[in-house]
Amino acid sequence: MSGSAFNRLEPSVYSRIARTGLRRDMMTRAAYSSDASIFRRVPAAVLEPKSADDVRDGLQIAEEYGWPVIGRGGGTSVAGNAIGDGLVIDTSRYFNNVISVDPDAKTAVVQPGVVCDHLKEEAAKYGLTYGPDPSTHSRCTVGGMVANNACGSHSVAWGTSAENLESIRLMLWGGREVDFFQGGCSDPQVEAKLRRFVAKNEALIRAELGRFPRQVSGYGLHYLLPEHGFDCARAVAGSEGTLGIITQLTVNLVEVPKTKVLAVLAFDTVFDAAHAAANLRLPGVTTIEGMGGDLLAALQSKVGQGDAGSNLPGRRNGEPAGGWLYCEVVGDTEQEALDRAEAVSRAVPTRDFIVVSDPGEMRDLWWIREASAGLVTRLPDGGEAWPNWEDSAVPPENLADYLRDLYELMAKHELRGIPFGHFGEGCIHVRISFDFGSESGLAVFHTFMEEAAALVSRYGGSLSGEHGDGRARSRLLGHMYSLEMLELFAQFKAIFDPDGNFNPGVLVAPDSYMDGLRMGKEQRTHEFLPITQLPQDKGSLVNAVNRCVGVSACRSDAGAMCPSFQITGDEVHSTRGRARLLSEMFRGESIEGGARNAAEVEEALDLCLSCKACVSECPVNVDMATYKSEFLNERYRGRLRPMAHYTMGWLPLFGAIAHKIPGLPKLIDATMRNSLTASLLAKAGGLETSRPLIRFSHTSLRKWNKKRVAPMNVRERVVLWPDSFNENLDSRPAQAAIEVLELLGFDVLIPDGFVCCGLTWHSTGQLSMSKRVLQHTAKVMKPYLDQGLPVIGIEPSCTTMLRTDAPHLLDDPDIARLARATVSFGEFVAPKLQAIPELSEVVTEQSISALTQVHCHERALGDASASAALLEALGVQEERIQTGCCGLAGNWGFEKGHGAMSMALGERELFPKAREAAKEGGIVIADGFSCRTHVQQGTGVQAMHTAEIVAEILRRKGATS
């Protein structure tokens, strides 16, 4: 399509908007207001194309409305080069296929939105892989990687994204697509302009560009030089969406090494490690990653990680080394790799070193390095640390001196940060404790950025080593390049985009890095006082929301976070998207009126299952379930709520009252099981009508317990927590737990009076009521706590609520004691069973195959290993579901409008495997009431609680007799 045909759109623009699904609602726009950077731009619209034709339509719509256009992949950029106030074209949701893999040519043709790991999975079928591997490889897109010229830890061996690019197809303004490759491009006019451009400026380009591998700042004009074969594809790489929109790429693949080992080298200081790194580019070395002692200290400060790093070399007199290098070494045989690793380890002076070939040991060591990298987004004391000077690079031989000066520069301005990075290529990553909430803090930020840019330039370095310059550093390019080179950058952009329609404010005519910051005092316009204490965030919900720095682990399908995003692929349904909406609500510009009026925020949070996966899987422990509860509490404070909040939130109290009235539980159960009355009840209660209602126990746990005669061979007393699910809805697991505990010689007590952890009120955002319930619970439990009795939880969600959320909701010494006293059934019983001498003999007769669904709250906040050990001790061969939340998530799956997604979540893995397990005669174990309900309703399979399995095995085998 010619540019002239593009000048005036007919009324068909509206049909194009409808066909492309252009999104202009504020909920979507707010979710796209930032990426992983410190910057904020609310776009005019968002387009999620399915094809190049959709991209073309998007450009036409943008011209009609006068919008600039910004390309976006996974939004993992920390430089602010994937945001803008015009039309954001997000290729990640639909335009994301691997078109073909050519194993002979070792190339792949891909759409721009394909995730790096998905390309690697396809290439692996042919013994190949894609070389670049940024730390965000599980969610960053190949289009975004090429646009920023991303690298990763293996660039020592396989280079940058530009160096792995065969050809690239760009759609320019006007809608025409042009292929760029080594030797030219498919548009003769563009090629002629590029040839004249490079011929005129060869000397300047050769003098200032391409000086070392990680010189990523600016445009890669050196690839147009004759010695690089006039490689137009590589010159376009790293252009950060300022030239056009990528619609297709052909990338090079490399062979997967036959074998690899890991050498970890220890040094007295991180500067010694940095100095040694430059000398380790030896045969077979594919990574030279650096980590300092301050990173290890930060990791060890995390709860449960106090012994992290005990397997690292270099410890002397109990003190660890000050720095390490991780060198992955490959070979055609394991012995060749080991010999090479030994040579690498002895090539430089070290404090100590180890060479590891066992895959498990290598994973454990890499975990330290990778987990530590995630920590830099939050300082050990909970303080905030931000990007913007997180990607500088120098020639490797200058790294030690530059790193020492960088530490001194941070100290000069009383800033803190924990550098680490790709030492073998001179690239340093660090997030720094900038204060964006005060004028003095902003002044320090400005001064530091200017001085840091001057510092890296003195060492012949680059402002960016793989993230691109974006809004973070484009304004600082004058420290690094001459005015003549900056003018060349402008001329280069003009060949592709003469009117500056693509990603304005980046690289050419750049925005100031002081403009449009996401944080600051403006963000607190509509802040409200939370009910939850939030001690790690100084009691501020804004601080808590700011935990989301945007690294987008929530967009990966490698873990359990975030379930709704895994179904929809919609940024709005990611943890990050919801955090951005909350941030915009607090600011009050795009979403006005605060929480009381924020319908967009409520809609985005509606599909948050409160599964808590983000608490453990997010590198900075975002707790969206708590933020959702706080939002709902504030939004409906003093107002009528959705009916489901009453129906599900008050279920524990309703159940307790119902069981005090003779005959009522049986009537309730019959009514809920009758299809006609159940449908009427569901509609009246604001519940989902597409699924059956839950069962209601005819006899409560307490009544059952009072009717029976307890055994006399008791040694100690314990308390069984009568959660509302086991007390009122299905008491079989609790009955089994009591049986097991009594078989083990314990006298099982059930609290005399109504107790509840407050979970259902918490999850429906009724936090004041949740506090009142906990206050009552503390009084009832005090006598048992005074005796020092352990409290055994059967329902994982209630157990984790008591142990983690309740103490932060209610500052009460008895609630704190209850949290410390509470243990899960598996944690309490496993060591007791393992101590029975005869057990190993009686469980060997017949193995039992089991499929286990670990409750999402236990997976995130608890420890399921005890239950696993318990089952193993009883001869149960366990396979675990890996996808996290079952899809019911307590009240969520029963709320109106959630039925279809709830079932779709079950079908990811749980339902198919449950059907298969039942078919093959195995059992399904699910300790969560919701999980068992979901399995039964989705497959017809009756899952069992671990306590029921243990009771049945012990009963059958008489192991304790």
Side-chain angles (χ1 to χ4, degrees), residues 78-79 134 148-156 159-160 162-163 207-220 222 238 267 269-281 285 287-292 294-295 323-327 348 373 376 387-412 415 417-432 448-470 472-474 476-482 485:
V78 291
N148 291 351
N149 200 6
C151 307
S153 60
H154 286 85
S155 61
V156 169
T160 67
E163 292 166 330
E208 296 196 30
L209 297 174
R211 291 178 287 107
F212 69 102
R214 286 298 186 102
Q215 185 184 352
V216 167
S217 283
Y219 291 115
H222 56 290
F267 300 85
T269 71
V270 69
F271 311 115
D272 294 328
H275 180 75
N279 301 309
L280 294 178
R281 297 177 72 102
V285 175
T287 72
I288 310 173
E289 297 291 286
M291 180 180 81
D294 40 8
L295 251 175
W324 293 268
L325 293 177
Y326 278 60
C327 299
V348 294
V376 298
N388 224 58
W389 191 257
E390 84 298 322
D391 188 34
S392 55
V394 296
E397 61 270 18
N398 297 338
L399 179 61
D401 292 336
Y402 167 65
L403 184 57
R404 185 175 284 106
D405 285 350
L406 182 61
Y407 268 95
E408 291 179 359
L409 182 60
M410 287 192 291
K412 170 187 171 182
L415 297 169
I418 306 176
F420 67 100
H422 314 297
F423 282 20
E425 299 222 292
C427 185
I428 292 295
H429 297 313
V430 60
R431 292 175 187 251
I432 300 173
F448 176 87
M449 289 298 296
E450 295 292 334
E451 293 182 357
L455 172 64
V456 77
S457 298
R458 286 201 302 272
Y459 281 103
S462 177
L463 307 177
S464 176
E466 63 177 333
H467 294 162
D469 298 305
R473 294 174 290 275
S474 290
L476 298 167
L477 286 170
H479 285 280
M480 181 178 168
Y481 294 122
S482 66
M485 179 54 69

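For the ring pair (Phe, Tyr, Trp, His ring centres under 6.0 Å) test, residues two or more places apart in sequence or in another chain that qualify with H154 are W158.
Remark: the H422 side chain and the E466 side chain contain an N/O donor-acceptor pair separated by less than 3.5 Å. S392 and Y402 share a side-chain donor-acceptor pair at under 3.5 Å. When only modelled atom types and interatomic distance are considered, S217 and S462 share a side-chain donor-acceptor pair under 3.5 Å. In summary, the side chains of S464 and D391 do present a donor paired with an acceptor at a separation below 3.5 Å, with no hydrogens or angles considered.
In this structure, the side chain of H429 engages the main chain of E390 through a donor-acceptor pair within 3.5 Å. E408 places no side-chain N or O within 3.5 Å of a backbone atom of L406 that could act as its donor or acceptor partner. Put simply, the side chain of R281 never gets that close to the backbone of A278: no donor and acceptor are under 3.5 Å apart.
Summarising the geometry of G292 relative to V270, their closest heavy-atom pair is CA-CG2, 3.8 Å, with the distance given to 0.1 Å. A pairwise comparison of heavy atoms in P134 and A150 identifies CG-CB, 3.8 Å as the closest pair. Across all their heavy atoms, A79 and D469 have their closest contact at CB-O, 3.7 Å. Closest non-hydrogen pair, Y407 versus P419, comes out as OH-CD, 3.4 Å. Taking every heavy atom of both residues into account, G290 and L325 meet most closely at CA-CD2, 3.9 Å. Of all the heavy atoms in M480 and G461, the pair that sits closest is CE-O, 3.6 Å.
The neighbour count for H479 NE2, taken as heavy atoms of other residues, nucleotides or ligands under 6.0 Å away, is above 12.
F271 contributes atom CZ, which lies 10.0 Å from atom CG of L399 (distance to the nearest 0.5 angstrom). Atom-to-atom distance recorded for F267:CZ and M291:CE is 12.0 Å, nearest 0.5 angstrom. Rounded to the nearest 0.5 angstrom, F423 CZ and L403 CG are separated by 5.5 Å.
Considering P395, P396, C151 as possible partners of R214, the one that fulfils the side-chain contact (heavy atoms from CB on, under 4.5 Å) test is C151. For the side-chain contact (heavy atoms from CB on, under 4.5 Å) with Q215, the qualifying choice from L463, N149, T160, L209 is L209, the only one to do so. For the side-chain contact (heavy atoms from CB on, under 4.5 Å) with W389, the lone residue among E451, M410, R473 that qualifies is R473.
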Exercise for the section: Apply side chain to side chain contact (heavy atoms under 4.5 Å, CB included) to E425 and V156, showing your working. Expected result: CA-CA 7 Å; E425 299 222 292; V156 169; 3.9 Å; yes
Exercise for the section: Step by step, work out the side chain to side chain contact (heavy atoms under 4.5 Å, CB included) result for D401 and V394. Expected result: CA-CA 10 Å; D401 292 336; V394 296; over 6 Å; no
